[in-house]
2 protein chains.
Amino acid sequence: MVDRRIRQELASTKKEKPAPDQLQFGKEFTDHMFIMDYTPNEGWHDARIVPYQNISIDPSAMVFHYGQSVFEGLKAYLSPEGEAQLFRPDINLKRINNSNERMCIPKIDEEFALDAMKELVALEKDWIPEAEGTSLYIRPFIISTEPFLGVAPSHNYKFIVILSPVGAYYKEGINPVKIAVENKYVRAVTGGTGEAKTGGNYASSLKAQEEANKNGYAQVLWLDGVEKEYIEEVGSMNVFFKINGEIVTPELNGSILEGVTRSTAIRLLEHWNYPVSERRVSMQEVYQAHQDGQLEEAFGTGTAAVVSPIGQLSWGDQHMVINEGQTGEVAKALYDNVTGIQYGTVEDPFGWITKVNETSVVEQ
Amino acid sequence: MVDRRIRQELASTKKEKPAPDQLQFGKEFTDHMFIMDYTPNEGWHDARIVPYQNISIDPSAMVFHYGQSVFEGLKAYLSPEGEAQLFRPDINLKRINNSNERMCIPKIDEEFALDAMKELVALEKDWIPEAEGTSLYIRPFIISTEPFLGVAPSHNYKFIVILSPVGAYYKEGINPVKIAVENKYVRAVTGGTGEAKTGGNYASSLKAQEEANKNGYAQVLWLDGVEKEYIEEVGSMNVFFKINGEIVTPELNGSILEGVTRSTAIRLLEHWNYPVSERRVSMQEVYQAHQDGQLEEAFGTGTAAVVSPIGQLSWGDQHMVINEGQTGEVAKALYDNVTGIQYGTVEDPFGWITKVNETSVVEQ
């Protein structure tokens with residue numbers, strides 16, 4: 001039986017909110033945060049909303065040394081009626097528990113965590129920006145806090161939720177980017193942690209990203225770690241190709257993150273009667289399709305950008321311009337409809353929206 | 001020009017030191033720690049020795065989310081003359097900079113960091129336990145501290161050194177262990193971060209370790225992530241085999257950590273005129289050698305255990321007992337000589353020992 005009470009300690013002073021046109025991503029945080037602690041005896045306990053503040057942590061805390069951590073990312077949107085709403089938060093919470101399983105972290109109660117996020121967002125509702133394309137980014141994460149230098153799962157953890165008002169990803173309209181196929185570095189491999197949303201996957205991606213940026217590319221396209229042939233992800237997004245009318249995305253193979261926007265895109269595309277295929281896609285196949293004039297679109301999907309069209313894909317000396325460097329119609333339709341559902345301007349036939357002020361069914 | 005001054009703020013009260021027979025690994029820490037900070041404008045600065053204490057850190061600090069961190073591990077030993085001494089600390093500091101390079105973390109000044117470690121150990125000399133096999137474990141580490149949720153290298157870091165008195169690894173004499181060959185999970189892959197000492201590598205190893213423990217094994221033997229055929233490491237140690245008189249250890253291929261004890265063992269074995277080969281070693285080769293009666297020894301090497309003999313190696317249904325489950329003569333000779341040099345009871349012809357009280361040559 002989970003203790004479902006959430007203690008509230010409100011901030012005595014409120015921060016100044018950033019100007020709508022000054023919003024960045026993930027640099028400013030709201031007045032409050034949610035925390036709960038884990039110990040083997042008490043399980044997850046002491047759920048509380050407190051003023052946003054530094055945490056005090058032993059320098060030997062395991063997260064600093066052995067990287068045992070997981071996180072999620074989702075957003076709260078303001079509907080035309082001024083209601084705060086979340087998009088498929090249940091999928092994020094299911095995924096954090098999948099990540100927990102892989103990283104030997106004790107699972108959280110998904111329903112309770114959803115209530116906690118809703119309560120926190122409701123309290124911080126004034127922080128949800130109103131301008132088009134803006135939102136309140138929600139970052140739930142778990143860190144291992146036991147003060148111990150042994151390589152073993154931690155006995156203690158903190159689950160924390162912080163909120164950050166974020167600007168529109170596309171300030172001047174959706175904009176295709178240049179991507180480099182990564183041939184040297186590998187993000188993840190079968191048997192590794194690629195399908196878990198854990199810090200190490202992102203730390204290992206920094207070097208390739210840095211080198212790609214230096215060479216004028218926005219992101220890298222990751223290939224599989226075994227054959228360096230099959231496509232996995234683009235940057236920290238899932239990737240889709242439209243080849244001769246068929247929409248293709250790499251299948252979930254254990255080294256790819258199961259993106260919420262990925263599953264949303266697949267569902268919408270099927271709803272629109274596009275042929276969608278989750279399967280292995282080799283770089284050679286994509287290259288050949290481009291040679292044959294059949295590579296019609298390529299785009300990434302993720303929470304931050306929703307859809308990020310790929311205008312050019314460089315594979316060694318081959319520089320493939322896709323759809324004349326313009327946003328394709330599939331990418332555009334997905335972007336418009338996903339954001340429309342998220343902001344409540346497009347009908348949601350799938351039940352993807354959770355209003356923040358609706359209480360969920362919770363046993364007391 | 002690096003500012004080499006180290007500010008000292010001493011603890012007003014001292015902790016009680018643990019009883020010599022109660023020493024564990026990495027659970028108790030000394031009275032002081034070393035810290036310095038990094039910002040793009042100031043570089044590494046504000047080097048200081050302060051009372052051991054919690055650090056106060058923003059919940060959005062990048063280390064909690066994207067795992068950008070590195071660490072090292074080495075020990076201070078008490079010589080028969082009562083002098084504190086370090087074993088090859090220069091190798092650890094060179095390696096932390098190699099890890100920094102891979103993880104996009106700004107490099108530290110190795111000579112200055114060595115001076116800092118020596119000053120800290122000298123201050124905490126009373127914490128070096130005296131009983132046989134005990135030592136003072138030194139943990140330098142770097143964490144990314146910028147409060148920002150974007151996936152990019154952090155602009156801010158902390159370099160911290162903490163010290164922990166540790167008991168003898170082998171309380172009842174060196175003792176062979178049972179190891180399971182890991183066929184499902186992968187620690188690292190070519191193009192990944194396997195040769196960097198970064199948190200994510202250890203986080204990704206926890207699940208396999210947990211399952212091996214449940215099945216009665218002390219550790220897993222990691223195979224390569226591409227072919228699942230070639231041997232990489234054992235637990236968090238490097239691994240050696242003696243096959244028909246030849247000492248074989250996996251070559252440094254980018255996914256294996258370059259262990260200090262590994263390089264020490266190779267140097268000593270060559271000094272003793274053993275044939276030593278750094279090359280690819282397949283599990284099939286080891287199995288065949290065992291079938292042919294030529295697998296004479298197997299052992300891991302690492303800072304904590306120095307040498308950990310493998311008494312049984314299980315590969316699926318094949319349970320190979322090695323050297324009748326006893327410690328082999330090569331493992332024993334390495335253990336005796338490496339620990340002898342570390343504690344100053346065996347001559348050090350290689351210049352591996354650094355006395356803590358000798359000042360290094362430092363430009364002022």
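Just so you know, these numbers use all the heavy atoms, side chains as well, and skip hydrogens, waters and symmetry mates. In this text, all values refer to a predicted model and were calculated from it rather than measured experimentally.
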Checked A:T198, A:N54, A:V186 vs chain B; the most non-hydrogen pairs under 4.5 Å come from A:N54
Ignoring hydrogens and angles, tell me if any N or O in the side chain of B:N238 forms a donor-acceptor pair with the backbone of B:L257 under 3.5 Å.
yes
Any side-chain to backbone donor/acceptor pair from A:E124 onto A:D31? Under 3.5 Å, distance only.
yes
Segment of B:F25 engaging chain A (4.5 angstrom heavy-atom cut-off)
both
Electrostatic pair A:D46-A:K158, nearest N-O below 4.0 angstrom
no
Please answer whether the main-chain N or O of A:A196 pairs with a side-chain N or O of A:N201 as donor and acceptor at a distance below 3.5 Å.
yes
Do we see a donor-acceptor contact under 3.5 Å between the side chains of A:Q68 and B:Y202?
no
Given that the side chain runs from C-beta out, which part of B:L206 has a heavy atom under 4.5 Å from chain A: side chain, backbone, both or neither?
both
Identify which part of A:Q53 has an atom lying under 4.5 Å from any heavy atom of chain B, answering side chain, backbone, both or neither.
backbone
Heavy-atom pairs under 4.5 Å with chain B: which of A:A208, A:G67, A:G150, A:G200 has the most?
A:G67
Atom pair CZ/CD1 of A:F34 and A:I160 - distance to nearest 0.5 Å:
10.0 Å
With sequence neighbours left out, write down each residue that passes side-chain contact (heavy atoms from CB on, under 4.5 Å) with B:T134, or none if nothing qualifies.
B:L23, B:P129, B:A131
Do you know which of A:E101, A:R187, A:E227 has the most heavy-atom pairs with chain B at a distance under 4.5 angstrom?
A:E101
Salt bridge flag under 4.0 Å for residues B:E72 and B:R95:
yes
Exercise: do A:N156 and A:S154 side chains pair donor with acceptor under 3.5 Å
no
What option among A:R102, A:Q209, A:K184, A:E182 has the most heavy-atom pairs under 4.5 Å with chain B?
A:R102
With a 4.5 angstrom heavy-atom cut-off, is it the side chain or the backbone of B:M33 that approaches chain A, or both, or neither?
side chain
Whatever's closer than 4.5 Å to a heavy atom in chain B on A:Y66 counts as both
Proximal component of A:I57, with respect to chain B [non-hydrogen, under 4.5 Å]
both
Does any N or O in the side chain of B:N92 come within less than 3.5 Å of the main-chain N or O of B:G73, such that one atom is a donor and the other an acceptor?
yes
Inter-chain contacts: residues 230-237 of chain B against chain A, heavy atoms under 4.5 Å:
none
Measure distances from A:S69 to the heavy atoms of chain B and classify the residue's part below 4.5 Å as side chain, backbone, both or neither.
side chain
Examine whether an atom of B:K207 lies under 4.5 Å from a heavy atom of chain A, and if so say whether it belongs to the side chain, the backbone or both; otherwise answer neither.
both
Check: B:V70 main-chain N/O paired with A:H65 side-chain donor or acceptor under 3.5 Å:
no
B:Y217-B:E211 side chain donor-acceptor pair, cut-off 3.5 Å
no
Hey, which residues of residues 139-148 of chain A are touching chain B, say heavy atoms under 4.5 Å apart?
A:R139, A:F141, A:I143, A:P147, A:F148
With sequence neighbours excluded, tell me which residues meet ring pair (Phe, Tyr, Trp, His ring centres under 6.0 Å) with A:W127.
none
Would you mind checking which part of A:T193 comes under 4.5 Å of any heavy atom in chain B, side chain (CB onward), backbone (N, CA, C, O), both or neither?
side chain
Determine whether A:N98 and A:K197 make a side-chain contact, defined as any pair of heavy atoms from C-beta on separated by less than 4.5 Å.
no
Let's test your reading of the structure: which of A:A61, A:A152, A:S60, A:A188 forms the most heavy-atom pairs below 4.5 Å with chain B?
A:S60
Any B:I128 side-chain heavy atom under 4.5 Å of B:V121 side chain
yes
Checking side-chain polar atoms at under 3.5 Å, does A:N253 have a donor or acceptor matched by the opposite partner on A:S255?
yes
Counting only non-hydrogen atoms closer than 4.5 Å, does B:E210 touch chain A with its backbone (N, CA, C, O), its side chain (CB onward), both, or neither?
side chain
Between A:S204, A:S56, A:P59, the one whose heavy-atom pairs under 4.5 Å with chain B are most numerous
A:P59
Within 45° of the ring axis of A:F29 and under 6.0 Å from its six-membered ring centre, is that where the NZ or CZ of A:K15 lies?
no
